[in-house]
Chemist: 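Here it is: the structure, laid out below.
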2 protein chains.
Amino acid sequence: MVTYRSIKAEILDGIIRRRWAPGDLIPNEEDLARDYGCSRSTVNRALQELADLGILERRRKAGTRVAQRTSRGALIQIQIVRNEIEQSGRRYGYVLLERAEAWAGSETAALIDAPRGAALMHLRCLHLADGAPWQIEDRLISLAALPTAREVDFEALSPNEWLVTQVPYSRSEHIFSAEPASAEERERLRLRPDEPVFVIERRTWLAGQALTYVRLSHPGLAYRMISREDDLLAAPEA
Amino acid sequence: MVTYRSIKAEILDGIIRRRWAPGDLIPNEEDLARDYGCSRSTVNRALQELADLGILERRRKAGTRVAQRTSRGALIQIQIVRNEIEQSGRRYGYVLLERAEAWAGSETAALIDAPRGAALMHLRCLHLADGAPWQIEDRLISLAALPTAREVDFEALSPNEWLVTQVPYSRSEHIFSAEPASAEERERLRLRPDEPVFVIERRTWLAGQALTYVRLSHPGLAYRMISREDDLLAAPEA
DNA sequence: GCGAGGATTATGTATAGACTTATTCCCGAC
DNA sequence: GTCGGGAATAAGTCTATACATAATCCTCGC
């Protein structure tokens, strides 16, 4: 039977095997529906999903074209540190290094995208894998947006875990970089003399209001961030 | 009028405002269709798309639940180096450093995921932004999969650009890391003494066959990889 | 109490049809 | 020639309906 999945697979195959090159126009929905012997709705769903994947570009009246794929994405899964460590079969450890409340100066205000003078909580923690330092979490939380943070026992629950499980957000920004280690990082992460840190910075907002800023630093020689894209041709598709 | 977009927005709003917490069951399609005064198809499309985004989890007979979002993605856009540089308003430069053909030893075979003894092309290039070193591209191309690579003038066109525009792939893997700079990197990228490199490694396959492996190294102090997620609540949706 | 298996249920998918909307195309006025 | 506007077109969306399928629930027999 002709399903939207089978159409998707055939079109994808046609693109990869260069039946249609990037920029080419593929037949319109009605023609495809006739060719495949199915309804236009079915073709529509197939093409729509390929467009969502960025493989096709569709415009009313202009038709459907194979996208000029000058870029392609890599999807990074950011998960709770504890899960990341335990899933790799290692023992998770956690230490709260510092907890303080303060008002945002101009630098911290810029980091978290809050107004100057906003009430913030500042937390520093160390996450461990099998007893070895794995990540320093240096975090700012907006107390205006998340006043309940004051009641949380961050000795027992890492801010990472509390936020991910309890606090929804609607917008985020991630920045990844390689930096020379600071003296403190060298000590806390037990780095070798010339070992850099892999840094992830994340900011989150809910409905326009800044929630948190975090800087996560990992030992450069031990940490790799990996992203795999499943084979488009193999799977029954997702 | 009730559209699948408006339903999507309302459900999303309900989730973010905790009308339904993670794990909660939301009403079934028929009920929602009645509530909204539209057909089940419309509700189905809205819920389906939210499930595609990972916000809902759906199972036949079991119903639709708000996903336990223990992880959240960051989508990295990997594009042609030249575009990346020119879009930031800088002048792009390119130098081919080395071009050689060889047979895969055990190390290189592992890098590119090709059998030992496979014919490979090895390329090393330098990409510049406003004359300053920006990226070293160290690349292996499988000549079994891409014999036409032999005919390409890589003095004029960077392998990056040739591959991205001409060669489709169906599966990929990316690894990001921070590494101490090698002596050669220090020289070619003009790094400061303790400056690390930000490294992106990418492997691609087409229909199970390995195409290329590339190692892209950037100056740690100049390079940041950024990923922004649009505000789910704001936009009319995408 | 327990397991097998059938009834039930919510989602998954396909269909034909209708109407909407963004774009393009083309023709006619100037 | 070119500019404006209308006709034509292809995708976008909604509807009502039907049947498929996976998973759960429940009952019955033991």
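Values in this document were obtained by computation on a predicted structure and should not be read as measured data. In what follows, chains are A, B, ... by sequence order, proteins preceding strands, each numbered from 1. The analysis underlying the following values was restricted to heavy atoms, covering all of them including side chains, and did not include hydrogens, waters or symmetry mates.
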Chemist: Between B:Glu29 and B:Arg58, is the closest basic N to carboxylate O distance under 4.0 Å?
Modeler: yes

Chemist: Whole angstroms only, please: what is the CG-P distance between B:Asp31 and C:dT9?
Modeler: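 B:Asp31 atom CG is separated from C:dT9 atom P by 12 Å.
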
Chemist: Minimum heavy-atom separation for A:Ser227 and A:Ala74, please, with both atom names.
Modeler: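 Looking at all heavy atoms of both residues, the shortest contact is OG-CB, 3.7 Å.
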
Chemist: List, with names and distances, any nitrogen or oxygen atoms from the protein found under 3.5 Å away from nitrogen or oxygen atoms belonging to nucleotides 11-15 of chain D.
Modeler:
residue, atom, partner, partner atom, Å
D:dA11, OP1, A:Thr64, OG1, 3.2
D:dA11, OP2, A:Glu29, N, 2.9
D:dG12, OP2, A:Arg58, NH1, 2.5
D:dG12, O4', A:Arg60, NE, 3.3
D:dG12, O4', A:Arg60, NH2, 2.8
D:dG12, O6, A:Arg40, NH2, 2.6
D:dT13, OP1, B:Tyr4, OH, 3.3
D:dT13, OP1, B:Arg5, NE, 3.1
D:dT13, OP1, B:Arg5, NH2, 3.0
D:dT13, OP2, B:Tyr4, OH, 3.4
D:dT13, OP2, B:Arg45, NH1, 3.4
D:dT13, OP2, B:Arg45, NH2, 3.1
D:dT13, O4, A:Arg40, NH2, 3.4
D:dC14, OP1, B:Tyr4, N, 2.9
D:dC14, OP2, B:Tyr4, N, 3.4
D:dT15, OP2, B:Ser39, N, 2.9
D:dT15, OP2, B:Ser39, OG, 3.1
D:dT15, OP2, B:Thr42, OG1, 2.5

Chemist: Between B:Arg45 and B:Glu49, does any NZ, NE, NH1 or NH2 come within less than 4.0 Å of an OD or OE carboxylate oxygen?
Modeler: yes

Chemist: How long is the line joining CG of A:Leu32 and C1' of D:dA10, in whole Å?
Modeler: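 After rounding, the gap between these two atoms is 12 Å.
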
Chemist: Provide, to the nearest angstrom, the distance between the CD atom belonging to A:Glu57 and the C1' atom belonging to D:dA10.
Modeler: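 About 16 Å, once rounded to whole Å.
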
Chemist: What I want to find out is whether A:Arg203 reaches A:Glu173 closely enough, with some N-O distance under 4.0 Å, to be called a salt bridge.
Modeler: yes

Chemist: What class does the angle between the rings of A:Phe198 and A:Tyr223 fall in, given that below 30° is parallel, 30 to 60° is tilted and above 60° is perpendicular?
Modeler: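 Tilted.
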
